[in-house]
Amino acid sequence: MTWSDKLARFKLFLRQVWHLSSPYFHASDEKWKARGLLAAIVALNLGAVYMLVLLNEWNRVFFDALQNKDQAVFLAQLWRFTYLAMIFIVIAVYRFYLTQLLQLRWRAWMTRDLMHRWLRGHAFYRMELARYAGAAEPTTTAAGLPHPNQRVPDNPDQRLQEDINLFTGQTIGLSMGFLNAVVTLASFVGVLWALSGSFSFSFGGNSFTIPGFMVWMAVLYCAVGSVLTHYIGRPLIGLNFEQQKREADYRHHLVRVREYSESIALDHGEAVEEKNLDTRFSAVLSNYLRLIGKQKQLVGFTNLFGQAATVFPFIIAAPRFFSGAIQLGELMQIGNAFDRVQASLSWFVDNYDSLAAWRATTERLTSFEAVLSKSVQAAPGDAVGLATGDANAIEALGLTLQLPGGATLLQGVTLHAAPGQHTLIQGPSGSGKSTLFRALAGIWPWAGGRVALPPRTMFIPQRPYFPDGALRDALAYPEPASIYTDAQLKTALDDALLPALAERLDDRDNWTQKLSGGEQQRLAIARVLLKRPAWVLADEATSALDVEAERALYQRLRELTRDAGGALLSIAHRPTVADFHQYRWRFVPQAAGGAARYRVEQGAMV
């Protein structure tokens, strides 16, 4: 990679950091508080550097008093050191506190902003669809920033919980550290220049004099150290990025084992899961071994660099001290000033590992933000032009359904279900019946055409979701349970054949794991009976129930939709479900080579 390429990548990285940081400080509702905190932190950093300058000057007077055995000056300088140190401590404490407060506020705002964008417009759902389909994410961010990972980001939970925390902390910490290094350098380079004197030497019969010799030695020392640090530590950027990804994959699979614990236990899949977990954990360890191997080399060099810097200025200045040109106090002041200048110039060396982790975190967040900005910003229904609110029937006009890979399931289909037309949807497994429901709901991104959906419509998915917590909240989801009386909640549970749960409304549990498959389906139907919609679209909603329970619940769903002036649309394979429907949409395979794999035949039940 050429130097121009490296410079371009560095500029890109800075633009990525600015793109992620600027919304909080320039566009958020907290921007003035954020700017005020930032200004206070900068002022405290400047104050801390000024105190270091005063302490450096104190070094000269104090050690000169020791060398001259001047007790009065010695005692006066002890008192001076006491109040200088106290002021420095107060500045350090509030600098730390305000820095952490700014990071906390920034993290809170950024997390809520990205979480809102992730959940808005079904972005979280579309991201998962695209990721499992192997779809590529946009090649640029909203600000036109390209990013290296061209796949849809994995583990959004890690981006929201861990990466934002790391990014805000690293950005503030490293930025303030760099500012402190620059200000310290500007404050001490003049001190060191004045103290170091000139260095004269002869070469080729000519005499040369180098003014500010110690300053040039500090620059040379740190330049060599920075170049060597870069070449030793540059693999850390990629290794940090990969480590975060592998850690997230391992954690994700642990969560899946917990969520599907019963299914795994029934299948006696413990050995397989242990092997899968061990494979992922081994991947974590193997990358971590490479990471710590490179960190070992970097730590070894930086420690050598730091230890050598302790004695380096004294070695250079010792001849002047032994010749009597300077006193002990001035020698100590030179050593202290050199240490400050060297530490400022060595900021890159000292923070290389942190910079590598920061870059990896920034790239992960940039790719995540890019998907939210480019791929999934459409509002619900934009995929198929969903219209709601003024329809009195379910209609699909020119509806086309495709799979993520590009295969067409349906082409230009027109469907209609009027009030009272209870319709059964049938077809081979994998023909796209559930995908049709997703398109009607406006959440399937690979669809075209237009659908009209009446108000007061509810869907019952194959796998209903119940939030952890009180049973009343799981039943009323996504509405607050407080809008329903206990009598309404209990009646819905009784009507859904769950009388045993009617007295457990305030019990808190993981209901997805606590309840059996049949109980979960009955609880999902209880939710419908509670909310009393006019239209119900049920996708295999009773597949885990016995025939009698299925018959009783379908009878109630049919009566509910009939009385409300709507209809019931069901996907089911059991022939007993057909008794509750008068119309049928049948997915019929088409000949190979056609525009679509299936067509839909509509008609009355025979």
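We use all heavy atoms of the structure for the numbers below, so side chains are in, but hydrogens, waters and symmetry mates are not.
Checked by atom type and distance alone, the side chain of Arg159 pairs as donor or acceptor with a backbone atom of Arg364 at under 3.5 Å. Proximity of a side-chain donor or acceptor of Asn287 to a complementary backbone N or O of Leu239 within less than 3.5 Å is detected. Judged by distance alone, the side chain of Gln16 and the main-chain N or O of Thr366 form no donor-acceptor pair under 3.5 Å. Put simply, the side chain of Arg107 gets close to the backbone of Gln161: a donor and an acceptor are under 3.5 Å apart.
No side-chain donor-acceptor contact under 3.5 Å links Arg463 and Thr512. The closest side-chain donor-acceptor pair between Gln602 and Tyr583, if any, does not fall under 3.5 angstrom.
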**Report entry** CA sep, side-chain torsions, deciding dist, call: Leu453, Val451, side-chain contact (heavy atoms from CB on, under 4.5 Å)
**Finding:** CA-CA 6 Å; Leu453 200 64; Val451 300; 5.6 Å; no
Requested in this report: Please test Glu395 against His416 for side chain to side chain donor-acceptor pair (under 3.5 Å), starting from the C-alpha separation and ending with a verdict.
Outcome: CA-CA 5 Å; Glu395 292 183 333; His416 180 84; 3.1 Å; yes
Query - Audit row: Leu399, Leu436, side-chain contact (heavy atoms from CB on, under 4.5 Å) steps and yes/no - result: CA-CA 9 Å; Leu399 181 64; Leu436 172 62; 3.5 Å; yes
Requested in this report: Could you check Thr362 against Gln170 for side-chain contact (heavy atoms from CB on, under 4.5 Å), going step by step and ending with a plain yes or no?
Outcome: CA-CA 10 Å; Thr362 300; Gln170 291 166 342; 5.8 Å; no
Query raised in the report: Can you check side-chain contact (heavy atoms from CB on, under 4.5 Å) on Thr414 and Val600, steps first, answer last?
Result: CA-CA 9 Å; Thr414 296; Val600 179; over 6 Å; no
Report task. Apply the test salt bridge (charged side-chain N to carboxylate O under 4.0 Å, His left out) to residues Arg117 and Asp113: give CA-CA distance (whole Å), side-chain angles for both, the deciding distance (0.1 Å), then the verdict. Result -> CA-CA 6 Å; Arg117 293 164 61 189; Asp113 176 63; 3.5 Å; yes
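A pairwise comparison of heavy atoms in Ala393 and Ala417 identifies CB-O, 3.3 Å as the closest pair. The heavy-atom pair separating Trp18 from His26 by the smallest distance is CH2-NE2, 3.2 Å. Taking both residues in full, the closest heavy atoms of Val17 and Ser21 are given as O-OG, 2.7 Å, listed atom of the first, atom of the second, then distance. Between Ala552 and Leu497, the shortest heavy-atom contact is CB-CD1, 4.4 Å. Listed here is the closest heavy atom pair of Ile460 and Ala541: CG2-CB, 3.8 Å. Shown here for Ala544 and Gln521, the closest heavy-atom pair between the two residues is N-OE1, 2.9 Å.
By the 6.0 Å and 45° rule, Arg35 stacks over the aromatic ring of Trp32.
The ring-ring contact (aromatic ring centres under 6.0 Å, His included) contacts involving residues 513-543 comprise nothing, where partners must be two or more places apart or lie in separate chains. Applying the salt bridge (charged side-chain N to carboxylate O under 4.0 Å, His left out) rule to pairs touching residues 511-528 yields Asp509-Lys514, sequence neighbours excluded. Annotation: salt bridge (charged side-chain N to carboxylate O under 4.0 Å, His left out) contacts involving residues 591-600, sequence neighbours excluded, comprise Arg599-Glu601.
For Glu162, the side-chain contact (heavy atoms from CB on, under 4.5 Å) partners two or more places apart in sequence, or in a different chain, are Gln158, Leu166, Arg251. Applying the side-chain hydrogen bond (donor to acceptor under 3.5 Å, both in side chains) test to Gln421 and every residue at least two apart in sequence or in another chain returns nothing. Lys245 is linked by a side-chain hydrogen bond (donor to acceptor under 3.5 Å, both in side chains) to Asp249, counting only residues two or more places apart in sequence or in another chain. Under the rule for a side-chain contact (heavy atoms from CB on, under 4.5 Å), the partners of Arg472 that lie at least two apart in sequence or sit in another chain are Ala470, Ala481, Asp486, Leu489, Leu505, Asp506. Remark: Arg556 engages no residue in a side-chain hydrogen bond (donor to acceptor under 3.5 Å, both in side chains) (not counting sequence neighbours). With sequence neighbours excluded, no residue satisfies side-chain hydrogen bond (donor to acceptor under 3.5 Å, both in side chains) with Glu503. For Asp507, the side-chain contact (heavy atoms from CB on, under 4.5 Å) partners are Arg504, Trp511, not counting sequence neighbours. A search for side-chain contact (heavy atoms from CB on, under 4.5 Å) contacts involving Gln103 returns Gln100, Asn165, Thr168, Ile172, not counting sequence neighbours.
Residues Gln243 and Val284 are in side-chain contact: their nearest non-hydrogen atoms beyond the backbone lie under 4.5 Å apart. Side-chain contact between Gln590 and Gln411 is absent, with no heavy atoms from C-beta onward closer than 4.5 Å. Counting heavy atoms from C-beta outward, Leu493 and Leu523 have side chains that approach closer than 4.5 Å. Residues Asp579 and Arg551 are in side-chain contact: their nearest non-hydrogen atoms beyond the backbone lie under 4.5 Å apart. Put simply, the side chain of Leu409 reaches to within 4.5 Å of the side chain of Leu403, judged on heavy atoms. Looking at heavy atoms from C-beta onward, Lys433 lies in side-chain contact with Phe587 at the 4.5 angstrom threshold. A heavy-atom distance below 4.5 Å is found between the side chains of Met110 and Leu365. Annotation: side chain of Pro499 is in contact with side chain of Asp494 (closest heavy-atom distance under 4.5 Å).
Taking the six-membered ring where tryptophan is involved, the planes of Phe459 and Phe437 are perpendicular, since the angle between them exceeds 60° and thus also 30°.
Environment of CZ in Arg574: crowded, with over 12 heavy atoms of neighbouring residues, nucleotides or ligands closer than 6.0 Å.
The structure places CZ of Phe167 at 12.0 Å from CD of Glu363, a figure rounded to the nearest 0.5 Å. Leu410 CG to Tyr598 OH: the interatomic distance, rounded to the nearest 0.5 Å, is 9.5 Å. Taken to the nearest 0.5 Å, the CG atom of Leu114 stands 6.0 Å off from the CZ atom of Phe368. Rounding to the nearest 0.5 Å gives a distance of 10.5 Å between CH2 of Trp446 and CD of Gln402. One finds the CZ atom of Phe281 at 14.0 Å from the NE2 atom of His253 (value rounded to the nearest 0.5 Å). Note that the OG1 atom of Thr576 and the CD atom of Glu550 stand 4.0 Å from one another [nearest 0.5 Å].
The distance between the ring centers of His581 and Tyr554 falls below 6.0 angstrom.
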Output side-chain donor-acceptor pairs under 3.5 Å for residues 559-569, partner residues at least two apart or in another chain, one line each.
unit_1 : atom_1 : unit_2 : atom_2 : d
Glu559 : OE2    : Gln555 : NE2    : 3.0
Thr561 : OG1    : Leu557 : O      : 3.1
Thr561 : OG1    : Arg558 : O      : 3.0

